[in-house]
Amino acid sequence: MKKSSTLFLYIAFVIYASAQQPLSAAQDSIKKLTEQDHADMMSKLNIILLRPGANGNDPKAPNAANYDEMKANPYPDLPDALVFKNGKKLTAAADWVSRRKEIIEDFDREIYGRVPANTPKVNWEIIKSTDTVLGGIAVVEKKLLGHVENSIFPKINVDIQLTLTLPAEAKTAVPVAMEFIFVFPPGFRRPGDTAKMGGPPPAPGWQLQCLKKGWGFAVLIPVSIQADNGAGLTQGIIGLMNKGGRRKPDDWGSLRAWAWGASRVLDYFETLTTVDAKRIAIGGHSRYGKAALVTMAYDERFAIGYISSSGEGGAKLHRRNAGEIVENIAGSGEYHWMAGNFIKYGGPLKWSDLPVDSHELIALCAPRPVFIGCGDKGDAWTDVKGMFMAAVAAGPVYKLLGKKDLGTTEFPQLETGLLEGEIAFRQHSGGHTPAPNWPIFLDYAARYFNKK
C-alpha cells in the first residue's frame, strides 16, 4: 500500500497504529511533532521568545482578545499598493504589472512562502463515475485522484482528492464553482456544526444552487495536498519537494500549498470539453477562506472568488488588534499555514514592520471580482471590520484598472450587501458559517458568468 501524506490518513495512522492507543494520545503525538518543527524554525530565525497570541476564550485573561474598536488600530497607516518601492506613484494601469510583481515578492518571502520552481506534474485518474440525480437534476459525479509525480523522493506519495459534479444534460461547457472543504477523521467535528435532528429540512446547499443555474460544482480536499499541522510539513507536497526535510524560512506553508493544489485542478479543467475553464469560481471558509484568497491572488486564471470568514492570514488587516492577531498565526498551532519568516512578526518584529498587508492580497485579485463574506457576532474572532477595511483599501487598485470598488468607506448594516463593484462585501446574521452568503455570491457570480 502506498504511503499517504493526507492529514486524514496521517492522523488515522497515528490513531489506529495501536488498537489500544486513545485519540488523545494521537493528538498529543501530533502536537509534540508540531512543537518540535516550530522550535526548529524559531532556531533558524534566531528567535527565543514570541509574544502571546490573543485569548478568544477568556475575556478576563491578560491577553484577552480585543473587540474594542477604539483599541483596534495601533498602526493605522497601511502600505500603499499604488507606490513602487522606489517611491514612484503608479499613474497608469500598465504600471500595475510591475508593481504586482513587487507585492508578490514580499508575500512570497515574508508571508506565504515561495513555491519551488520545479513542482512536479499531476496525473489525474477518475476512480469512480456515477450517473445520479440531485434535487431532481440529472448529474454525472466523478471522484478523482491527482497523483503527484514523486520520482524525486518516492518515499512520499501525494494524491489530491477531488470530486467534480456536472449537469448530465448540459449541451456546452459549463462554469464550475469549487470549494475547499473540511474533512475530519473519527473523533473530530467540524467547527460551527450545530445541526440537530428533526425540524424543517435545510435550505438547498450551494451545490444544488449551482446545478439550478446550469453550472457544475467541485469539492477539493486540501489536506490531501498538505497536512493542516506542523507535524505534516515533512510530508505532503511541501515534504515531497524538501525530500522529507524541514522547511527553510521562506519555503511555502500550507495555505500556499493548498492554493497550488487548486491550480493543478484548474490545469485539469482546462483539458475538459465539458468545463468552461475561464469561468471557475474558487471558494472557502475560515482557514480555507484564507486559502481561497491566496489562490485568487496568485493564479489569475480563476475568474472569481468567494472568501468567507478568512480572518487573520486572509482578508483581515494584519495591522489590527481585533480578534485573532498575528501572534496567534505565528504560534505553534497555526504557523504551518505561512512561511517560516512570518513568525518574526510575532516577535521580535512588529506588525508595522510587515512590508505588505492584506488589502494588497485582495488587490492582487484585480481586476477580477472577489466577494468578501462573513457573519455577525459569532464571527468576531475573524475581525469583520478589519476585513471590510482591507476591502476598502484594495479599492484604488481596482479603480486604476478601470473597475469599481466597494463604493463606500462606511461599514454597512448587517445583511446589507455591497455588490455593485468588482469588490463585494456582505455580513450575514448566521455566525461563523459560509452558508447564508452562498446564494448571494452565486447570484453575484452569475452577473459575470452570464456575460457574453
Does [X] reach the side chain of [Y], with side-chain heavy atoms less than 4.5 Å apart?
| X | Y | answer |
| --- | --- | --- |
| V370 | I307 | yes |
| L317 | L78 | yes |
| R426 | E415 | yes |
| L220 | I181 | no |
| R100 | L364 | yes |
| M178 | F217 | no |
| F388 | L406 | yes |
| M241 | P120 | yes |

Counting distance only, does the side-chain N/O of [X] pair as donor-acceptor with the main-chain N or O of [Y] below 3.5 Å?
| X | Y | value |
| --- | --- | --- |
| D106 | V356 | no |
| D95 | A92 | yes |
| R256 | V115 | no |
| E149 | S151 | yes |
| D251 | R247 | no |
| T34 | I30 | yes |
| Q207 | V219 | no |
| S224 | I221 | yes |
| D276 | K278 | yes |
| Y444 | P369 | no |

Salt bridge flag under 4.0 Å for residues [X] and [Y]:
| X | Y | answer |
| --- | --- | --- |
| D250 | R114 | yes |
| R301 | D299 | yes |
| K121 | D267 | no |
| E334 | K290 | no |
| K101 | E105 | no |
| R99 | E360 | yes |

Of the non-hydrogen atoms in [X] and [Y], which two are nearest, and what is the gap between them?
| X | Y | answer |
| --- | --- | --- |
| M387 | K316 | CG-N, 3.5 Å |
| C374 | N437 | N-ND2, 3.6 Å |
| Y398 | R368 | OH-O, 2.8 Å |
| T273 | A173 | O-CB, 3.4 Å |
| L401 | P367 | CD1-N, 4.0 Å |
| I225 | W258 | CD1-O, 4.0 Å |

Q | Pair H336 and F342, ring centroids less than 6.0 Å apart | A | no

Distance-only polar pair, side chains of [X] and [Y], donor-acceptor under 3.5 Å:
| X | Y | value |
| --- | --- | --- |
| E327 | W351 | yes |
| D159 | H147 | yes |
| N328 | Y335 | no |
| Y345 | E110 | yes |
| S254 | Q226 | no |

Nearest 0.5 angstrom please: [X] [atom1] to [Y] [atom2], how far?
| X | Y | atom1 | atom2 | answer |
| --- | --- | --- | --- | --- |
| L145 | K128 | CG | NZ | 13.0 Å |
| Q235 | N242 | CD | CG | 11.5 Å |
| E270 | I280 | CD | CD1 | 9.0 Å |
| T234 | I156 | OG1 | CD1 | 6.5 Å |
| L419 | F441 | CG | CZ | 11.5 Å |
| I237 | R264 | CD1 | CZ | 9.5 Å |

Q: List the steps, then state whether ring pair (Phe, Tyr, Trp, His ring centres under 6.0 Å) holds for F449 with W215.
A: CA-CA 10 Å; F449 282 0; W215 306 350; 5.1 Å; yes

Q: Not counting sequence neighbours, which residues clear side chain to side chain contact (heavy atoms under 4.5 Å, CB included) with S286? List them please.
A: F182, H432

**Q.** side chain to side chain donor-acceptor pair (under 3.5 Å) assessment of E179 paired with Y288
**A.** CA-CA 8 Å; E179 185 185 33; Y288 296 145; over 6 Å; no

Q: May I have the step-by-step check of side chain to side chain contact (heavy atoms under 4.5 Å, CB included) for D405 and V392, ending in yes or no?
A: CA-CA 7 Å; D405 60 4; V392 170; over 6 Å; no

Q. Where do T130 and E141 land on the side chain to side chain donor-acceptor pair (under 3.5 Å) test, with the steps shown first?
A. CA-CA 5 Å; T130 305; E141 179 188 82; 4.6 Å; no

(Q) Does D379 form a side chain to side chain contact (heavy atoms under 4.5 Å, CB included) with W381? I'd like the steps, not just the answer. (A) CA-CA 6 Å; D379 217 9; W381 181 248; over 6 Å; no

Q: Go through the steps to decide whether Y67 and D383 satisfy the test side chain to side chain donor-acceptor pair (under 3.5 Å), and finish with yes or no.
A: CA-CA 8 Å; Y67 298 108; D383 184 17; over 6 Å; no

Q) Can you list the residues that meet the side-chain hydrogen bond (donor to acceptor under 3.5 Å, both in side chains) rule with N321, with sequence neighbours excluded? A) none

**Q.** Among F180, W206, F371, F425, the one residue meeting ring pair (Phe, Tyr, Trp, His ring centres under 6.0 Å) with Y306
**A.** F371

Q) Is there a side chain to side chain donor-acceptor pair (under 3.5 Å) between H285 and S308 once you walk through the steps? A) CA-CA 5 Å; H285 174 66; S308 176; 2.8 Å; yes

Q. Could you go step by step and tell me if H428 and T433 meet the side chain to side chain contact (heavy atoms under 4.5 Å, CB included) rule?
A. CA-CA 9 Å; H428 62 73; T433 171; 3.9 Å; yes

Q | Greater than 12 external heavy atoms within 6.0 Å of E125's CD | A | yes

Q) Does atom NZ of K213 have more than 12 heavy-atom neighbours from other groups under 6.0 Å away? A) yes

